[in-house]
Amino acid sequence: MNRTPSPSRLPRLPLMALALLALLLGLWAGLLRLGWHIPTLTPQLLLLHGPLMVAGFLGTMISLERAVALSQTGSRRRLAYLAPLLAGLGVVALFLPVSPLIPRGLSTLGALGLVLIFVIIYRLQPSLEHAIMSLGACLWLVGNALWLLGQPVFRAVPWWAGFLVLTIAGERLELARVLVLKQSARRLLLLSVGILSAGLVISLFAYDAGVRLCGLGLAALGLWLLRYDLARRTIRQKGLTRYIAACLLPGYAWLLLGGLLWLAFGGVPAGPKYDAMLHTVFVGFVLSMIFGHALIIIPAVMGVQLRYTPAFYIPLGLLHLSLLLRIMGDLFLWLPVRQWGGLLNEVAVLLFLGLVVFSARRR
Ligand code: HEM
């Protein structure tokens with residue numbers, strides 16, 4: 001491993017640190033929301049779990065990843081780092097004695113920055129995957145704008161879910177370039193994205209109906225990914241390729257299940273059903289995809305090399321089994337099962353982070 005970061009890599013370290021800080025605080029807040037008796041740290045932390053996870057951790061990480069890619073195409077494009085910087089500063093501002101408009105405004109500006117990054121990326125390389133990711137960034141912007149305008153978090157949540165799902169689906173298409181899509185497959189993909197987007201717009205006026213339509217779109221996307229992603233073939237290979245497929249396939253199944261729950265339950269604003277609707281998507285799909293793609297993306301973003309080891313299956317298995325527990329706890333109202341499932345979700349995330357650090361150091 002190259003241990004000395006080059007000057008061009010230096011701005012990435014504090015930005016990555018801000019994203020990780022948001023993740024750790026978000027995980028702590030998640031335990032508080034589950035009812036574990038742990039110190040509250042700050043009075044507002046309990047309410048900040050969602051914003052910390054989506055706008056803080058993933059918003060900063062995704063903007064950083066795109067800023068790195070764009071800055072490599074020209075020195076003047078370093079301005080792109082403003083997007084993750086604003087999103088990251090939004091995390092810090094959440095804990096300062098300032099008006100809530102400040103962190104929400106910073107995060108919204110960060111999302112605007114990501115939209116602009118994608119405008120440039122799309123002009124350089126117009127493609128279906130970049131169009132889908134650009135739409136994802138716009139959804140983040142709308143979700144943050146709702147939050148900035150004082151709407152309750154649950155109103156922003158479908159937009160945030162749309163942001164993450166479309167960004168990840170677009171990245172999947174980008175990484176699996178070899179996948180040659182037939183016209184009919186492209187149409188089905190666009191139809192699913194269209195249903196999801198229509199559901200989001202409708203949720204602004206008729207929340208319950210909009211969320212249900214979003215559910216249909218999410219389930220259709222899950223099915224599409226299960227059907228057309230190369231992972232069904234690469235699961236028969238070996239090593240890292242097989243491990244990535246083992247992250248993707250259950251992730252798609254969770255997205256399908258999550259979509260069906262959204263369709264069945266509709267506009268629930270809190271509680272166990274809400275937990276199941278959200279975390280089938282956020283933990284089952286989003287985190288599983290991150291477990292798979294991190295081994296490709298972290299080296300590209302941070303300029304370090306990570307060595308794959310089969311030990312990566314341990315956090316992956318724990319993540320899915322504990323999520324199964326948690327969702328059963330949610331659906332059958334077994335509260336301790338839900339609490340332990342959520343706690344073990346977090347153990348899986350921390351174990352994965354530990355393995356990433358360990359595999360980077362060993363090179
Ligand atoms: C890894 C372990 C996680 C735990 C233990 C956890 C825990 C929770 C809990 C208990 C709730 C409240 C549900 C209710 O109303 O009963 C919640 C809400 C939420 N979670 Fe998580 N979560 C985790 C991961 C994530 C991830 C990875 C994301 C995003 C990518 C996320 C985003 C959200 C959002 C947006 C909300 C809604 C917040 C609100 O309405 O204020 N969570 N989470």
Side-chain angles (χ1 to χ4, degrees), residues 19-20 22-36 38 44-62 87 91 94 100 104 107 136 139-140 143-144 146-147 150-168 207 211 251 254-255 258 261-262 265 267-291 294 315-316 318-327 329-331 333-353:
L20 283 179
L23 171 66
L24 295 178
L25 288 168
L27 290 178
W28 194 268
L31 292 182
L32 290 171
R33 294 279 298 244
L34 281 173
W36 285 103
I38 52 174
Q44 74 275 40
L45 184 60
L46 181 75
L47 300 175
L48 294 180
H49 165 75
L52 279 167
M53 294 306 259
V54 181
F57 166 51
L58 289 162
T60 308
M61 281 297 291
I62 292 169
V91 173
L94 279 171
R104 295 175 190 189
S107 186
L139 301 187
W140 184 30
N144 277 5
L146 290 172
W147 185 44
Q151 291 285 322
V153 169
F154 71 82
R155 287 266 177 182
V157 161
W159 295 85
W160 287 346
F163 157 52
L164 297 174
V165 170
L166 292 193
T167 306
I168 292 172
Y207 185 66
V211 169
W254 279 117
L255 182 61
L261 293 181
W262 286 44
F265 297 148
V268 182
K273 282 184 183 165
Y274 181 63
D275 190 60
M277 287 166 65
L278 262 50
H279 296 89
T280 37
V281 177
F282 288 145
V283 175
F285 175 69
V286 175
L287 288 188
S288 191
M289 302 298 281
I290 292 179
F291 277 24
L316 179 66
L318 182 61
L319 185 82
H320 290 290
L321 287 176
S322 58
L323 182 61
L324 206 61
L325 268 186
R326 175 174 178 180
I327 301 300
D330 279 330
L331 298 182
L333 297 179
W334 300 329
L335 292 188
V337 175
R338 170 187 189 224
Q339 272 189 320
W340 277 99
L343 176 72
L344 291 173
N345 284 165
E346 300 206 358
V347 173
V349 174
L350 296 177
L351 211 60
F352 178 78
L353 282 181

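Read the numbers this way: they start at 1 and go in the same order the structure lists the ligands and their atoms.
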### Query
Considering only heavy atoms, which of L47, N345, V153, L287 lies nearest to atom 39 (C) of ligand 1?
V153
### Task
Sequence neighbours left out, what passes salt bridge (charged side-chain N to carboxylate O under 4.0 Å, His left out) with R104? Give chain and number order.
none
### Summary
Here the gap from W340 atom CH2 to L325 atom CG, rounded to the nearest 0.5 Å, amounts to 11.0 Å
### Task
Look at atom 16 (O) of ligand 1 and say which protein heavy atom is nearest, naming residue and atom and giving the distance to 0.1 Å.
R338 NH2, 2.9 Å
### Message
I need the minimum non-hydrogen distance between W36 and Q339, along with the two atoms involved.
### Response
NE1-O, 3.2 Å
### Inter-residue atom distance I62.CD1 - I290.CD1, 0.5 Å rounding
7.0 Å
### Query
Taking only heavy atoms of A270, which atoms of ligand 1 are found under 4.0 Å from at least one of them?
15 (O)
#### Entry: Taking atom 6 (C) of ligand 1 as the reference point, the nearest protein heavy atom with its distance
R326 NH2, 3.2 Å
### Message
So if I count the atoms of ligand 1 from 1 in the order they appear, which ones are less than 4.0 Å from some heavy atom of L34?
### Response
5 (C), 10 (C)
### Task
Within a distance under 4.0 Å of any heavy atom of L27, pick out the atoms of ligand 1 and give their elements.
1 (C)
### Summary
Per side-chain contact (heavy atoms from CB on, under 4.5 Å), Y274 is matched among L261, D330, V268 by V268
### Message
Looking at ligand 1, is there an atom of it that comes within less than 4.0 Å of some heavy atom belonging to L31?
### Response
no
#### Entry: Contacts of atom 21 (Fe) of ligand 1 with protein N/O/S atoms, counting only those under 2.8 Å
H49 NE2, H279 NE2
### Query
Who's the nearest protein heavy-atom neighbour of atom 30 (C) of ligand 1, and how far?
L58 CD1, 3.4 Å
### Message
Under a 4.0 Å threshold between the charged nitrogen and the carboxylate oxygen, would R33 count as salt-bridged to D275?
### Response
no
### Task
To the nearest 0.5 angstrom, please state how far the OG atom of S288 sits from the CD1 atom of I168.
9.5 Å
#### Entry: Minimum-distance protein heavy atom relative to atom 5 (C) of ligand 1
E346 OE2, 3.3 Å
### Message
Give me the nearest non-hydrogen protein atom to atom 15 (O) of ligand 1 as residue plus atom name, then the distance to 0.1 Å.
### Response
G271 N, 3.0 Å
### Task
For the pair F352 and F291, name the ring-plane relationship: parallel under 30°, tilted 30 to 60°, perpendicular over 60°.
parallel
### Task
Could you find the nearest protein heavy atom to atom 40 (O) of ligand 1 and give me its residue, atom name and distance?
Y274 OH, 2.6 Å
### Summary
Between Y207 and the options F154, W262, W159, the ring pair (Phe, Tyr, Trp, His ring centres under 6.0 Å) test singles out F154
#### Entry: Closest non-hydrogen atom pair, S322 against N345
OG-ND2, 2.8 Å
### Task
Could you pull out the closest heavy-atom pair between L45 and L52, with the gap in Å?
CD1-CD1, 3.8 Å
